[in-house]
Amino acid sequence: MEQINYKIDVFEGPMDLLLHLISKHKLNINDIPIVELVNQYVDYVRQLQEQDFDIAGEFLEMAARLIYIKTVSLLPKHEEAEILKKELTGELIEYRDCKLMAEKLSHQTDGFNRFVRPAQEGFVNYDYELFHEGDELLNAYISAAGRGKRRLPPPLDSFKVIVAKKFVAVASKVSTVMHRLLGGKKVKFLSLFEGAKTKSDMVATFLAVLELAKTKKISIEGTMENPSVQMIDEVKDIEQ
Amino acid sequence: MNSNNVMASLEAMLFAAGDPVDPAKLAEVLDIDVENVIKILGHLEAMYDERGGGLRLIRVDGKYQLCTREEYSDDVRSLLEIKKNTPLSQAAFEVLAIVAYNKTVTRSFIEQIRGVDCSGPVSSLVQKGLIEEKGRLDLPGRPLVYGTTDRFLRCFSLNSLEDLPDLPEEEKKDDSQTSLFEDDNPDNDTEKKEDE
Amino acid sequence: MNSNNVMASLEAMLFAAGDPVDPAKLAEVLDIDVENVIKILGHLEAMYDERGGGLRLIRVDGKYQLCTREEYSDDVRSLLEIKKNTPLSQAAFEVLAIVAYNKTVTRSFIEQIRGVDCSGPVSSLVQKGLIEEKGRLDLPGRPLVYGTTDRFLRCFSLNSLEDLPDLPEEEKKDDSQTSLFEDDNPDNDTEKKEDE
């Protein structure tokens, strides 16, 4: 392989490096040849180490993740590898879109040359004149300190903010998945993918499940083959 | 009050306010219809453009604001002794793109997409007034949610977030070779270096 | 640069400056004679008067400043009153609560608790007269310390800070761990980092 001698700070992170490798070697982002990508990536990280660069943890973490995907894809039954690959693909597409948008934004910065002015003084004094209850301060303090004990499960709306309008349409999948699980139903994981029309549809569904699991909204149990998925607060309700 | 006087009053109010002003508030003060206010602000905008002075009227998220014309930015900068603004970093542009396209996001959401810690660029964008906190999520740790500011819209010449460049279309064919890297690899390295 | 452009540039500079500007400074930026600058400012003044808009150019102590015409003072005042009477933002409430419950704090302490740059809310609370500077800490960088004002007590109908609603037990315990002002906690490193 040709000599690589760019610097680590050229890349914004492991995702950026992966995208670079994918484009440089003309790999198909929608069907990443994982073995090839792992080799390229690990080679690159190794060279950095040889050059005594202080490698950020994220780069090593990604290396570990890629190697894991490679390992499971060598198993005779490698559904898990496919899923992990799809997950990575979704993330790469998302980051690629993000870079593209960043690039577009960087070409329309004329407005940085427009200046505005401070409000004209002497007309009003800005002393605050509204009245409030002390409790509003207490609530604000608890909110700021971030340690308020939450007794209620977060409202569904709060998830919309995390997953809303993702570059891949994960938000709609979150509501679809949640809808399927309403009423405490236990649903087979693979059945969530029924009716998916495209690959990105499935990736989005998968990411939606991950997002919901991460925010402890749903539980996943069973074997890797086809676990079942259930809403967490529903579980609690039943137990009580 | 005739319409010339209304226009003059609108000019005075926008000048004094400094920040972008909601036309509804202007209408409230003048006791006339919002539609009328917006129409007359249109005349004011045209007047500024025809006259070719140092000022212009811009729209920011449905609000109106007076600002200087770009042509005179160097003079303004040297009078106010403002350093030539250092261009935003690649990381900052990426964070801005994520915040702008998703309207409101937590820092961990941004980090999930970028795959790296983003506390540096996030706080520098807050300091530059391009993004701001929009509240907290009702989740453990009560994470802050960020969104873009009016200043962001002004700096990127956008009337609203709806005017952002379109997202790339979903891949038409699943197995088509990715087309996003049109500039094939040779200049990729140089391009990145320039970004620094 | 022709004299129209000079006039436009002068307009832009005076607009952005806000405060009165010495014509010598304007001349320096434009690299032309002061006499010339004063002459062109005269044209600008005449143009404003003829046009009958909402703005005018005034001389204060030999310096020049753009301001609104007196005819529109009432409108301007009502607009700014509307703006002034908008309730505090969530961010401002949080900052105010942190200042009130901790009595005196530095900005970096507030930012440490909130996890975000707080210069915006802090200066808006100072402008509204709800918090004020109470001195500087004898620490590297001599950071400013903020505390609440009498106006704050009035707005929240409190006789003193002792009347604030009690914090829940766990908040109190945690609080003493993070407070910078219990002298037994010289954990200044984190604070310094925030300052950078």
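Just so it is clear: chains get the letters A, B, ... in the order the sequence lines come, proteins before strands, and each one is counted from 1.
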(request) Check each atom of B:Glu70 against the heavy atoms of chain C and say whether the ones under 4.5 Å are side chain, backbone, both or neither. (result) neither
(message) If you count heavy atoms of other groups shown closer than 6.0 angstrom to CG of B:Asp31, is the number above 12?
(response) no
(message) Counting C-beta onward and ignoring hydrogens, is there a side-chain heavy-atom pair between B:Glu133 and C:Arg114 closer than 4.5 Å?
(response) yes
(request) State whether a side-chain donor-acceptor pair under 3.5 Å links B:Asp75 with C:Ser9. (result) yes
(message) Does atom NZ (C:Lys83) have a neighbourhood of more than 12 heavy atoms from anything else shown, all under 6.0 Å?
(response) yes
(message) Given heavy-atom pairs under 4.5 angstrom as the criterion, report whether the side chain, backbone, both or neither of B:Leu44 touches chain C.
(response) neither
(message) Which one wins on heavy-atom pair count under 4.5 Å against chain B: C:Ser89, C:Gly18, C:Cys67, C:Ser119?
(response) C:Cys67
(request) Compare every heavy atom of B:Leu66 with every heavy atom of C:Phe15, then report the nearest pair and how far apart it is. (result) CZ-O, 3.5 Å
(message) Any non-hydrogen side-chain atom of C:Met13 less than 4.5 Å from a side-chain atom of B:Leu80?
(response) no
(request) Between chain C and each of B:Asp74, B:Val21, B:Leu14, B:Leu79, count heavy-atom pairs under 4.5 Å; write down the option with the most. (result) B:Leu79
(message) Using every non-hydrogen atom in the two residues, find where B:Ala8 and C:Gly52 come nearest and quote the distance to one decimal.
(response) CB-O, 3.7 Å
(message) So that I can tick it off, tell me whether C:Glu11 and B:Arg51 are bridged by a salt bridge, with the cut-off set at under 4.0 angstrom between side-chain N and carboxylate O.
(response) yes
(message) Using a 4.5 angstrom heavy-atom cutoff, name the option from C:Ala17, C:Gly115, C:Gly54 with the most pairs to chain B.
(response) C:Gly54
(request) Specify the closest pair of heavy atoms between C:Thr68 and B:Ala12, including all atoms of both residues, with the distance to one decimal. (result) CG2-O, 3.3 Å
(request) Tell me, for B:Glu132 versus chain C, whether the close heavy atoms (under 4.5 Å) come from the side chain, the backbone, both or neither. (result) neither
(request) Give a yes or no answer on whether the side chain of B:Lys25 reaches the backbone of C:Ile82 with a donor-acceptor pair at less than 3.5 Å. (result) no
(request) Mark yes when over 12 heavy atoms from residues, nucleotides or ligands other than C:Asp61 sit less than 6.0 Å from its CG; otherwise mark no. (result) no
(message) Run C:Val116 and B:Tyr146 through side chain to side chain contact (heavy atoms under 4.5 Å, CB included) and show every step you take.
(response) CA-CA 10 Å; C:Val116 66; B:Tyr146 297 92; 3.6 Å; yes
(request) Identify which part of C:Glu71 has an atom lying under 4.5 Å from any heavy atom of chain B, answering side chain, backbone, both or neither. (result) neither
(message) If you define the side chain from C-beta out and look only at heavy atoms, does anything of B:Tyr72 sit under 4.5 Å from C:Leu10?
(response) no
(message) On a heavy-atom basis, which atom in C:Ala16 and which in B:Val76 lie closest, and how many Å separate them?
(response) CB-CG1, 3.6 Å
